[in-house]
Trainee: 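This is the structure I have questions about; it appears just below.
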Number of protein chains: 2
Amino acid sequence: MGTVSKALSLLTYFSRSRTEIGLTEMVKLSGINKATVHRLLSELLQHGIIEQTAEKRHYRLGPALPILGSLREAAVPIREISKKVLQLISDLTGETSHLSLLRNELLHVVSFAYSSRHGTRVTMEDGTQITFHSTSSGLVVLSFSSQDFLKKMLSKPLQKHTSLTEINSKKIEKKLLSFRKNYLAESISGFELDVHSLACPIFDSSRRCIGAVAIAAPVSRMDTSSIKVTTSALRKAAVELTNSIGGVFPEDFKNLNFNE
Amino acid sequence: MGTVSKALSLLTYFSRSRTEIGLTEMVKLSGINKATVHRLLSELLQHGIIEQTAEKRHYRLGPALPILGSLREAAVPIREISKKVLQLISDLTGETSHLSLLRNELLHVVSFAYSSRHGTRVTMEDGTQITFHSTSSGLVVLSFSSQDFLKKMLSKPLQKHTSLTEINSKKIEKKLLSFRKNYLAESISGFELDVHSLACPIFDSSRRCIGAVAIAAPVSRMDTSSIKVTTSALRKAAVELTNSIGGVFPEDFKNLNFNE
DNA sequence: AATTTTTGGTTCATTATTTGAACCTACGTA
DNA sequence: TACGTAGGTTCAAATAATGAACCAAAAATT
């Protein structure tokens with residue numbers, strides 16, 4: 001691993017639940033020597049990629065990131081484009097939709113939309129991390145991943161978020177086969193007891209699955225007819241979103257007939 | 001310069017007007033050897049900091065940046081916080097306000113707010129780069145910068161954006177003295193003929209000036225009385241914003257009396 | 001259609017930077 | 001006061017970065 005990669009890998013330890021990391025903590029997390037970590041952090045610091053808190057001298061993500069992020073958005077307005085598509089399917093289905101993309105072996109919510117049809121809704125936040133085994137987005141991405149990646153993700157300890165979270169990797173793998181065949185994954189109460197979600201895959205320019213569009217609804221509202229509406233909306237949105245980010249949907253998709 | 005810094009420095013060549021950069025072009029821009037640039041870009045590529053276009057294999061800012069940017073925002077919600085403060089002073093003054101921060105020796109708009117009082121307004125965009133010599137924000141930052149930085153910025157060729165842009169560095173330096181004394185810079189028609197702007201400095205935790213809050217209005221609306229209102233609103237906002245980003249306003253500011 | 005130029009990308013011996021065990025200093029705690 | 005832990009530093013040894021020359025392929029030019 002090159003020095004640059006090592007430095008950038010340090011950024012992956014920051015998350016919504018861990019916004020500040022001390023030097024020693026970072027050493028433990030990364031397994032890299034303290035002097036090295038310190039030097040890498042110093043370089044990132046110089047460029048505003050991270051910054052240091054005044055009190056405890058802990059590190060956190062820096063001011064350059066929102067600026068670079070908005071420059072990226074200006075160059076490739078995925079968020080903007082996807083917001084439109086997402087709003088459409090949220091309006092159509094009456095439920096919360098979201099787009100999530102892979103980054104560094106983790107899925108992140110990139111964009112989302114709400115519907116105002118119902119008084120209750122599944123809430124969402126930009127940048128949130130998504131687990132692979134307990135959400136429809138995660139599952140559909142896994143179903144299109146390499147065996148290596150799949151094994152890696154399923155061999156980690158799988159957290160039981162609810163009483164209904166499936167954590168048996170054999171059983172999960174079995175489900176993935178049909179998810180892949182249908183270009184659609186489902187998760188009922190896997191992450192939160194009251195949430196039922198459906199997801200379709202998103203592909204990049206080399207036909208690799210790099211994310212998912214999903215719709216999440218309260219369990220009680222996901223009946224047979226809304227599942228039908230949701231599924232067809234998601235399939236269309238997935239193709240549209242894949243195209244809009246310069247990706248290519250697999251050839252065979254067009255020839256499939258999903259009248260299950 | 002360390003390898004990490006070298007890699008990160010490549011990111012500075014991307015801007016709103018140059019969203020894609022080829023390998024050879026990047027070599028020219030950075031003055032670094034081609035093999036090195038290629039390796040650095042490859043490492044950034046791996047982490048999604050940049051990505052490559054399918055057609056021309058050019059490089060552009062990557063999908064990790066908006067994700068990291070929103071994580072940063074979640075950890076230190078400058079944009080969110082500043083939007084409130086900015087909206088307040090925009091409502092009060094009836095004009096467009098914005099917050100800009102230094103990154104890599106460049107000023108960028110981080111957040112802004114409009115007022116709906118008038119039919120015309122100065123328009124703004126997140127991430128826009130701001131020049132030092134022709135805007136009030138740039139000038140106020142210069143007035144609080146080190147001599148080194150000042151010389152460096154003023155020795156570059158200064159673009160004459162309008163017929164009234166001051167490009168005589170001696171004259172600019174003279175003005176900076178009073179700007180610093182007053183914690184307030186002014187620019188009339190320096191960047192656009194019809195824009196009059198005022199700016200106050202923002203400081204970080206080590207009392208270094210890292211940006212500015214500014215109000216920009218059509219020249220015709222900036223009369224003596226609105227300048228008074230604007231100035232006092234900006235001074236308050238600057239202290240508030242400085243505090244909200246964990247910065248410290250210089251001690252002497254409190255003791256000053258600005259009844260000019 | 002043939003040729004030249006320019007592009008993105010690679011190779012590998014030389015060179016310079018990164019690395020890490022041990023060390024330092026400051027602060028909080030028992 | 002003694003102890004543990006924090007962030008940060010040192011410097012010889014180890015390793016990774018570097019760059020001139022080189023490819024292959026796509027544009028541009030003839």
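Chain identifiers are assigned alphabetically (A, B, ...) following the order of the sequence lines, protein sequences preceding nucleic acid strands; residue numbering begins at 1 within each chain.
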Trainee: Looking at D/dG8, C/dT18, C/dG9, which one has an atom nearest to any side-chain atom of B/Leu23?
Mentor: C/dG9
Trainee: Give a yes or no on whether a donor-acceptor pair under 3.5 Å exists between the nucleobase atoms of D/dG19, that is its base, and the side chain of B/Lys34.
Mentor: no
Trainee: Do A/Ser9 and A/Thr12 get their side chains close enough for a donor-acceptor pair, meaning under 3.5 Å?
Mentor: no
Trainee: If only side-chain N and O atoms of B/Arg57 are considered, is one of them under 4.0 Å from the OP1 or OP2 phosphate oxygen of C/dT7?
Mentor: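 Negative; the distance criterion is not met.
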Trainee: Measure from the side-chain N and O atoms of B/Arg72 to the backbone N and O of A/Leu61, and report whether any donor-acceptor pair falls under 3.5 Å.
Mentor: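 Such a contact is found between B/Arg72 side chain and A/Leu61 backbone.
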Trainee: Tell me: CD1 of B/Ile32 to P of D/dG19, nearest whole Å?
Mentor: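 Interatomic distance, CD1 of B/Ile32 to P of D/dG19: 9 Å.
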Trainee: Consider the side chain of B/Thr3, meaning its heavy atoms from C-beta on, and name the nucleotide among C/dT18, C/dG8, D/dG8 that approaches it most closely.
Mentor: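 Nearest to the side-chain atoms of B/Thr3, counting from C-beta on, is C/dT18.
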Trainee: Counting side-chain heavy atoms from CB outward, which of C/dT7, C/dA21, D/dT18 is closest to A/Asn33?
Mentor: C/dA21
Trainee: Between A/Phe132 and A/Phe149, what is the ring plane arrangement, given parallel below 30°, perpendicular above 60°, and tilted in between?
Mentor: perpendicular
Trainee: On the nucleotide D/dG8, are OP1 or OP2 found under 4.0 Å from the side-chain N or O atoms that A/Tyr59 carries?
Mentor: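 Indeed, a polar side-chain atom of A/Tyr59 lies that close.
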Trainee: Using ring centroids (six-membered ring only for Trp), state whether B/Phe14 and B/Tyr59 fall under 6.0 Å.
Mentor: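 No: the rings miss the under 6.0 Å criterion.
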Trainee: How close or far is atom C1' of C/dG20 from atom CE of A/Met26, stated in whole angstroms?
Mentor: 18 Å
Trainee: From C-beta outward on A/His38, which listed nucleotide comes closest to its side chain: D/dG8, C/dT7, C/dT10?
Mentor: D/dG8
Trainee: Please pick, from C/dT18, C/dT11, D/dG8, the nucleotide with the shortest atom-to-atom distance to any side-chain atom of B/Ala35.
Mentor: C/dT11
Trainee: Kindly point out which of D/dA17, D/dG8, C/dT19 is positioned nearest to the side chain of A/Lys6?
Mentor: C/dT19
